[in-house]
Colleague: 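First, the structure itself, so that you have it in front of you.
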Amino acid sequence: MAELVALDTLSPPVAKRLPQSRQFSGATIDDDYAWLEDPADPEVIAYLKAENAYTESALASTGPLRETLYGEMVGRVQRTDAQVPFRLGEFLYYIRTEEGRDYDILCRKRGDLDAPEELLLDLNAIAGDYLALGYFAPSPDHRYFAYALNETGGLEYTLQVKDLESGETLPERLPCDGGSFAWSSDSRTLLYSRQDSALRSYAVHAHSLGTDSRDDPLIYQEDDAVFSVRVAASMSGAYLFLSSASQESSEVRYMRADQPGGEATLFAPRRPGVIYSLEHHGDNFLVLTNEDALNFKLLAAPIADRSGAHPREMIPHRAEALLEHVEPFAGQLLISGREDGLRRLWIHDLATGETRPQVFDEPIHSVWSGDNREFHTAKAVIGYTSFVTPPSFFALDLATGERTLLKREEVVGGHDPDDYVSERIEAIAPDGARIPISLVRRRDAPAGPRPLLLRGYGAYGISADPRFARNALSLIDRGVTYAIAHVRGGQELGRAWYEGGKLLHKKNTFSDFIACAETLIDAGYTTPGQLVANGGSAGGLLMGAVANARPDLFRAIVAEVPFVDVMRVMLDPSLPLTTGEFVEWGDPRDPAFHDYISDYSPYDNVSDQEYPLLLITGGLEDDQVPYWQPAKWTAKLRVTKRDRNLLLLRTNLGAGHRGDSGFYEAQREVASTYAFILLALGLSSLE
């Protein structure tokens, strides 16, 4: 371990201190590193490059290990492969990849998979330095193909359309939210969401192919800065839904898909604390709502009764099960949700009213509904995985519940699930809450405390589920136990689990993670000298908070694109995402939230103490967590902390929140992070 301290003699970059006092929303913020927030300043880029060079020098000894890890990760992937297709009408649409090429290739076949392939979009042919595909959808008549592309790494997408008869891409370039557009029934009109200067989806416009997008009529505008608006088609294709929502309230407008120029009708007005969504089946709207039902219930509301005053309960609320999504098919509904801390699927038979769960053998697993877009079908595609089972896709008979395996992703070189052991234990939080921890290790791992990587997130109701971690096999096969702390702020144990980790309960997320680390140590799974913590984005906030609160528990912490300058961000409504996140973190213009956030914001609470080894990452094009948050945090840590442990900042100068978009470079980023983890754990030999 002494080698890691000695490496600090490489003289890391030290950012200049330039004290500034700035006003945000009437509050004064003093900041020595505010100057780093200007990406147009050559000194800023020079500093980021200097930190990158220092990181590369500090990890130079891991060069051979990084190449080995990269070879392992790439080598496990069957790169020339195709995903399970989804059927829409007479066509099968699918995505495939090819060896040596970074990006997806979108194709279709008419009738069945033995038919000739029609190439729709080859992302490899158009990719520049960065390219990510958002939502895509063929028109109802299958002549046009609409798709959203991100070419910066930020939050801005461009909606484009290809004429599949002529093979030409139409001249339209519509700035949009990458997952929010839908075709009308005429196959000539697209409804799509536009973003404002803060990149909030605030308006829905209608675009007719061949017209000037500057003249696109406004369908709906959302003026409340806490809300964002999205558009989607019903599974039946009969309706278009305009959903305006925050994290704690929503309302939906609907319009017939064959009348895209018509008025959008409000189903039910927004009310504080009430969240609902709509789907369509026959004469009813299906209403998934948390009104008087914390974990949601499903109602059927007759479309003819526009007041919505006489809904029929289809699936009642259950305290032990969270309903998250309803997918209607002609004869059945496929319901996604959570129970016992795991993702679940249920089939609801419309004829009998019976709701049946899908049951799987492995006690720790994750299951989800696939890309199903055909309403008139007797079978749906579902996905399944676990810590030890690679992603597997089944055709689910909606009438009988029987499953037929369609595809299990191959692990090239072989993978035997029996070589690994997974389990779930619990930690007890300071307030008595029982926090689940999911773990996986090699069956032949030696007894006693072992190196352990503990991951956490805990925000927005996003759950961290046990999935097959193909890349993490490079850690697990070297003796590292891989674990997930299911802390509050996620939704693993229902809606209350989320609400227990937000706003004025946010600190529960941090104390939950600390309790998990303490439990793993006390139960003999690991020791502080063998424990590494890892989290990204809001999980990076978690990493910053626990680094300040309990640095003694961890040998190293990896904070990826970490949201650490919470107070400064939440006081500035001009920044992307800020206003929509008042309901997640609180509005610091309220003194109660100001004091609470001030007490945990990682950047504001860096102190003169010893910290673990730290690897911090950022992306220059990141709109969600601007690069200057990890950069300023690193700069402040470097002059404040009292230890000589490695502190590394790696900024991707050509990408955003999710890092490199190309398959191969993305694997190199992971290999570099894993090399740091193995170095920190004393496992950096090539064996």
Side-chain angles (χ1 to χ4, degrees), residues 1 4 59 61-79 81 362-366 385-392 408-425 437-456 464-485 520 524-527 529-535 554-558 560 613 615 663-664 666-687:
M1 301 298 183
L4 286 170
L59 297 179
S61 66
T62 68
L65 174 61
R66 278 180 280 169
E67 286 302 313
T68 298
L69 292 169
Y70 171 76
E72 289 174 4
M73 293 172 186
V74 172
R76 292 190 194 102
V77 179
Q78 180 62 52
R79 190 61 186 155
D81 201 4
E362 290 182 282
I364 303 174
H365 63 267
S366 185
T385 189
S386 74
F387 271 147
V388 302
T389 304
S392 308
R408 176 163 289 146
E409 291 187 5
E410 181 181 355
V411 180
V412 178
H415 170 73
D416 186 349
D418 289 337
D419 289 343
Y420 304 88
V421 176
S422 64
E423 62 178 319
R424 178 164 283 187
I425 64 171
I437 310 170
S438 298
L439 306 99
V440 61
R441 60 173 172 82
R442 281 196 63 89
R443 189 176 298 276
D444 58 6
R450 294 178 294 273
L452 191 146
L453 175 65
L454 180 63
R455 294 179 56 85
D465 292 307
R467 291 174 173 265
F468 186 70
R470 186 188 302 262
N471 283 343
L473 290 175
S474 289
L475 299 178
I476 298 167
D477 286 345
R478 286 174 170 82
V480 178
T481 300
Y482 183 88
I484 300 172
L520 290 166
Y525 285 88
T526 191
T527 65
Q530 296 174 293
L531 180 56
V532 177
N534 177 212
F554 307 98
R555 172 58 180 162
I557 291 177
V558 178
E560 299 173 283
L613 301 161
L615 172 62
F663 170 76
Y664 293 97
Q667 304 309 303
R668 289 200 179 278
E669 282 194 338
V670 178
S672 180
T673 299
Y674 280 10
F676 169 82
I677 292 170
L678 291 170
L679 184 65
L681 292 172
L683 300 173
S684 58
S685 70
L686 295 179
E687 296 149 7

Colleague: Listed by chain and number, what are the side-chain hydrogen bond (donor to acceptor under 3.5 Å, both in side chains) partners of Asp81, not counting sequence neighbours?
Modeller: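 Lys407.
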Colleague: For a 4.5 angstrom cut-off between non-hydrogen side-chain atoms, does Thr526 reach Thr481?
Modeller: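 Thr526 vs Thr481: side chains apart.
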Colleague: Using the side-chain hydrogen bond (donor to acceptor under 3.5 Å, both in side chains) criterion, which residues pair with Arg76? Sequence neighbours excluded.
Modeller: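 Partners of Arg76 by the side-chain hydrogen bond (donor to acceptor under 3.5 Å, both in side chains) criterion, ordered by chain and then number, come out as Ser474.
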Colleague: Taking the side chain as everything from C-beta on, heavy atoms only, tell me whether Ile364 gets closer than 4.5 Å to Pro466.
Modeller: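 Side-chain contact under 4.5 Å: yes.
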Colleague: Would you say the side-chain atoms of Arg450 pair up with the backbone N or O of Pro446, donor to acceptor, closer than 3.5 Å?
Modeller: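 The answer is yes, because a donor-acceptor pair under 3.5 Å joins these two groups.
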Colleague: Sequence neighbours excluded, which residues qualify as side-chain contact (heavy atoms from CB on, under 4.5 Å) partners of Ser392?
Modeller: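 Applying side-chain contact (heavy atoms from CB on, under 4.5 Å) to Ser392 gives Thr389, Phe394, Leu405, Arg408.
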Colleague: Which residues pass the side-chain hydrogen bond (donor to acceptor under 3.5 Å, both in side chains) test with Ser366, sequence neighbours left out?
Modeller: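 In terms of side-chain hydrogen bond (donor to acceptor under 3.5 Å, both in side chains), with neighbours along the sequence ignored, Ser366 is linked to no residue.
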Colleague: Is the shortest side-chain heavy-atom distance between Arg441 and Val421 below 4.5 Å?
Modeller: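 Yes - at least one pair of side-chain heavy atoms lies under 4.5 Å apart.
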Colleague: Of all residues at least two apart in sequence or in a different chain, which pass the side-chain contact (heavy atoms from CB on, under 4.5 Å) check with Pro391?
Modeller: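 For Pro391 the side-chain contact (heavy atoms from CB on, under 4.5 Å) partners, ignoring immediate neighbours, are Thr385, Phe393, Glu409, Phe468.
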Colleague: Please give me the minimum heavy-atom distance between Leu69 and Ala671, naming the atom from each residue.
Modeller: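 In terms of heavy atoms, the two residues are closest at CD1-O, 3.5 Å.
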Colleague: Using a strict threshold of under 4.0 Å (side-chain N to carboxylate O), is an ion pair present between Arg467 and Asp465?
Modeller: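 Salt bridge absent between Asp465 and Arg467.
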Colleague: Between Arg66 and Leu59, is there a donor-acceptor pair closer than 3.5 Å when you use the side chain of the first and the backbone of the second?
Modeller: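 A pair under 3.5 Å: yes.
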Colleague: Please walk me through it: do Ile557 and Val532 pass side-chain contact (heavy atoms from CB on, under 4.5 Å)?
Modeller: CA-CA 6 Å; Ile557 291 177; Val532 177; over 6 Å; no
Colleague: Check the pair Leu613, Phe554 against side-chain contact (heavy atoms from CB on, under 4.5 Å), reporting the backbone distance first and the verdict last.
Modeller: CA-CA 8 Å; Leu613 301 161; Phe554 307 98; over 6 Å; no
Colleague: Is there side-chain contact between Leu452 and Gln530, with heavy atoms separated by less than 4.5 Å?
Modeller: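 No, their side chains stay 4.5 Å or more apart.
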Colleague: Between atom CG of Leu65 and atom OH of Tyr70, what is the distance when rounded to the nearest 0.5 Å?
Modeller: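 Separation between the atoms: 15.0 Å.
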Colleague: I'd like to check the side-chain hydrogen bond (donor to acceptor under 3.5 Å, both in side chains) partners of Ser438; sequence neighbours left out, ordered by chain and number.
Modeller: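 Only Arg424, His486 meet the side-chain hydrogen bond (donor to acceptor under 3.5 Å, both in side chains) criterion with Ser438.
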Colleague: With rounding to the nearest 0.5 angstrom, report the CD1 to CZ distance, Ile437 to Arg455.
Modeller: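 Separation between the atoms: 15.0 Å.
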Colleague: Who pairs with Glu410 by salt bridge (charged side-chain N to carboxylate O under 4.0 Å, His left out), at least two apart in sequence or on another chain?
Modeller: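 For Glu410 there are no salt bridge (charged side-chain N to carboxylate O under 4.0 Å, His left out) partners, ignoring immediate neighbours.
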Colleague: Please test Arg478 against Arg442 for side-chain contact (heavy atoms from CB on, under 4.5 Å), starting from the C-alpha separation and ending with a verdict.
Modeller: CA-CA 9 Å; Arg478 286 174 170 82; Arg442 281 196 63 89; over 6 Å; no
Colleague: Are the side chains of Leu439 and Tyr482 in contact, using a 4.5 Å heavy-atom criterion?
Modeller: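 Answer no - side chains too far apart.
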Colleague: I'd like to check the ring-ring contact (aromatic ring centres under 6.0 Å, His included) partners of Tyr420; sequence neighbours left out, ordered by chain and number.
Modeller: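 With sequence neighbours excluded, Tyr420 shows a ring-ring contact (aromatic ring centres under 6.0 Å, His included) to His415, given in chain and number order.
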Colleague: Decide whether Glu72 and Asn471 meet the rule of one side-chain donor and one side-chain acceptor closer than 3.5 Å.
Modeller: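 The criterion, which ignores hydrogens and geometry beyond distance, is not satisfied for Asn471 and Glu72.
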Colleague: Can you give each donor-acceptor pair under 3.5 Å made by side-chain atoms of residues 673-681, sequence neighbours left out, with the distance rounded to 0.1 Å?
Modeller:
from   : atom 1 : to     : atom 2 : distance (Å)
Thr673 : OG1    : Arg650 : NH2    : 3.0
Thr673 : OG1    : Glu669 : O      : 3.3

Colleague: Not counting sequence neighbours, which residues clear side-chain contact (heavy atoms from CB on, under 4.5 Å) with Asp416? List them please.
Modeller: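 Counting only residues at least two positions away or on another chain, Asp416 forms a side-chain contact (heavy atoms from CB on, under 4.5 Å) with Asp418, Asp419.
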Colleague: Does any non-hydrogen side-chain atom of Leu454 lie less than 4.5 Å from one of Leu520?
Modeller: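 Side chain of Leu520 against side chain of Leu454, heavy atoms only: contact under 4.5 Å found.
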